[in-house]
Undergrad: 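Pasting a structure here, questions to come.
Values in this document were obtained by computation on a predicted structure and should not be read as measured data.
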Amino acid sequence: MDSTISEGIDIPNVEETIRFSVSLPRALLEELDRRVVNKGYASRSELVRDLIRERIVEETWERGDEEVAGVLTIVYDHHQRELTQHILDIQHRQYVHVVATTHVHMDHHNCLETIIIRGMPAEIERLSLEIGGLRGVRFSELTRASRVQN
């Protein structure tokens, strides 16, 4: 499909959607349909596309050969002595790029922080484990992301 029309204006290529059929055992199809409904998808196709994209992100992280992004979500006791400084020290020591952080006071003792990170998968995982293992960190979860075509 040509991305240039006769007036010389560039328009992006729109990727063609191709239909294909998949054979599934009845029980698996019923489970797929339950997930479509329970997760609010408009169709089976939307759910299947999301599942494929999730797997692509997982494989990109497993390969470890290209820059990815992640969001580290932590909840910690801000009264824990020197914990905040340790969290900052780890972020500055690692070979990842901290894009942004958000800090929320949940109550008198607990803070919620999100740390948006770019870098190589192994480096992001290391940072995540190191921060998550600190005394006073009560919850730590890394959400993995990468570029996904369509």
Side-chain angles (χ1 to χ4, degrees), residues 1-77 83 86-107 110-134 136-150:
M1 179 176 200
D2 191 0
S3 67
T4 306
I5 56 176
S6 60
E7 291 83 19
I9 301 170
D10 286 336
I11 58 171
N13 285 333
V14 177
E15 187 157 345
E16 180 182 6
T17 299
I18 298 171
R19 292 179 185 261
F20 68 98
S21 62
V22 176
S23 300
L24 297 173
R26 181 176 306 281
L28 190 55
L29 180 60
E30 289 170 357
E31 179 61 29
L32 179 70
D33 287 342
R34 273 193 292 281
R35 289 176 186 225
V36 168
V37 171
N38 291 341
K39 294 186 179 241
Y41 283 96
S43 68
R44 291 173 180 161
S45 294
E46 287 298 323
L47 176 60
V48 170
R49 278 191 282 271
D50 272 0
L51 292 171
I52 292 169
R53 289 180 188 120
E54 287 174 21
R55 187 64 194 135
I56 290 169
V57 168
E58 288 173 15
E59 288 178 1
T60 301
W61 275 75
E62 288 169 4
R63 273 195 329 269
D65 61 355
E66 67 181 81
E67 187 177 82
V68 294
V71 179
L72 178 59
T73 303
I74 58 174
V75 174
Y76 64 92
D77 179 355
L83 177 58
H86 288 310
I87 291 170
L88 290 172
D89 289 345
I90 292 168
Q91 291 177 55
H92 286 279
R93 254 195 346 254
Q94 299 292 330
Y95 298 109
V96 296
H97 179 72
V98 174
V99 178
T101 61
T102 303
H103 183 93
V104 178
H105 301 276
M106 296 179 71
D107 58 32
N110 293 290
C111 290
L112 167 71
E113 195 159 316
T114 60
I115 307 166
I116 302 172
I117 313 162
R118 254 192 354 235
M120 299 306 286
E123 295 163 349
I124 294 174
E125 294 277 357
R126 190 173 325 131
L127 178 137
S128 172
L129 290 171
E130 195 169 346
I131 290 176
L134 292 172
V137 174
R138 296 180 170 158
F139 173 82
S140 176
E141 183 172 10
L142 178 63
T143 302
R144 294 158 183 82
S146 69
R147 292 178 198 87
V148 177
Q149 302 299 319
N150 293 336

Undergrad: Any non-hydrogen side-chain atom of Leu32 less than 4.5 Å from a side-chain atom of Arg44?
TA: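 SC-SC contact between Leu32 and Arg44 confirmed.
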Undergrad: Locate the shortest heavy-atom distance separating His103 from Tyr76; write the atom from each residue and the value.
TA: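 Where His103 meets Tyr76 most closely, the heavy atoms are CE1-OH, 2.9 Å.
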Undergrad: Of all the heavy-atom pairs spanning Glu67 and Met120, show the shortest one and how long it is.
TA: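 Here Glu67 and Met120 meet closest at N-SD, 3.8 Å.
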Undergrad: With a 4.5 Å cut-off on side-chain heavy atoms, are Ile115 and Glu113 touching?
TA: yes
Undergrad: Can you check whether Arg34 reaches Val37 side chain to side chain, under 4.5 Å on heavy atoms?
TA: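 Not in contact.
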Undergrad: Taking atom NZ of Lys39 and atom CD of Glu46, what is their separation to the nearest 0.5 Å?
TA: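 These two atoms lie 14.0 Å from each other.
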Undergrad: Could you tell me whether the side chain of Trp61 reaches within less than 4.5 Å of the side chain of Ile124, counting heavy atoms only?
TA: yes
Undergrad: Could you state the interatomic distance from CG (Leu28) to CG (Asp33), rounded to the nearest 0.5 Å?
TA: 10.0 Å
Undergrad: Looking at every non-hydrogen atom in both residues, tell me the closest pair between Gly64 and Pro121 and how far apart they are.
TA: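 Shortest heavy-atom contact: CA-CG, 3.7 Å.
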Undergrad: Does Arg144 have more than 12 heavy atoms from other residues, nucleotides or ligands lying within 6.0 Å of its CZ?
TA: yes
Undergrad: Working to the nearest 0.5 angstrom, can you tell me the gap between Leu142 CG and Leu129 CG?
TA: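 With rounding to 0.5 Å, CG (Leu142) is 8.5 Å from CG (Leu129).
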Undergrad: Could you pull out the closest heavy-atom pair between Ser146 and Val68, with the gap in Å?
TA: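 So the minimum-distance heavy-atom pair works out to CB-CG1, 3.9 Å.
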Undergrad: If I compare all heavy atoms of Ser128 with all of Ser140, which pair ends up nearest, and what's the gap?
TA: O-OG, 4.0 Å
Undergrad: State whether the side chain of Arg19 and the backbone N or O of Thr17 hold a donor-acceptor pair below 3.5 Å, judged by distance alone.
TA: no
Undergrad: Show, in sequence, the C-alpha distance, side-chain angles and deciding distance for Arg63 and Glu59, and conclude whether the salt bridge (charged side-chain N to carboxylate O under 4.0 Å, His left out) test is met.
TA: CA-CA 6 Å; Arg63 273 195 329 269; Glu59 288 178 1; 5.3 Å; no
Undergrad: If you define the side chain from C-beta out and look only at heavy atoms, does anything of Arg147 sit under 4.5 Å from Thr60?
TA: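 Of all side-chain heavy-atom pairs linking Thr60 with Arg147, none is under 4.5 Å.
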Undergrad: Any chance you could measure Glu125, atom CD, to Ile117, atom CD1, to the nearest 0.5 Å?
TA: 10.0 Å
Undergrad: When rounded to the nearest 0.5 angstrom, what is the spacing between CG in Leu72 and CG in Leu127?
TA: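 Interatomic distance, Leu72 CG to Leu127 CG, rounded to 0.5 Å: 6.5 Å.
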Undergrad: In the structure I gave you, are the side-chain heavy atoms of His97 and Glu123 within less than 4.5 Å of one another anywhere?
TA: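 In short, these two side chains do not touch, never coming nearer than 4.5 Å.
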Undergrad: Atom CD of Gln91 and atom CD of Glu130: how far apart are they, to the nearest 0.5 Å?
TA: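 Atom-to-atom, Gln91:CD and Glu130:CD are 11.0 Å apart.
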Undergrad: I'd like to check Ile74 versus Leu134 (side-chain heavy atoms, cut-off strictly below 4.5 Å). Are they in contact?
TA: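 Contact flag for Ile74/Leu134 side chains = no.
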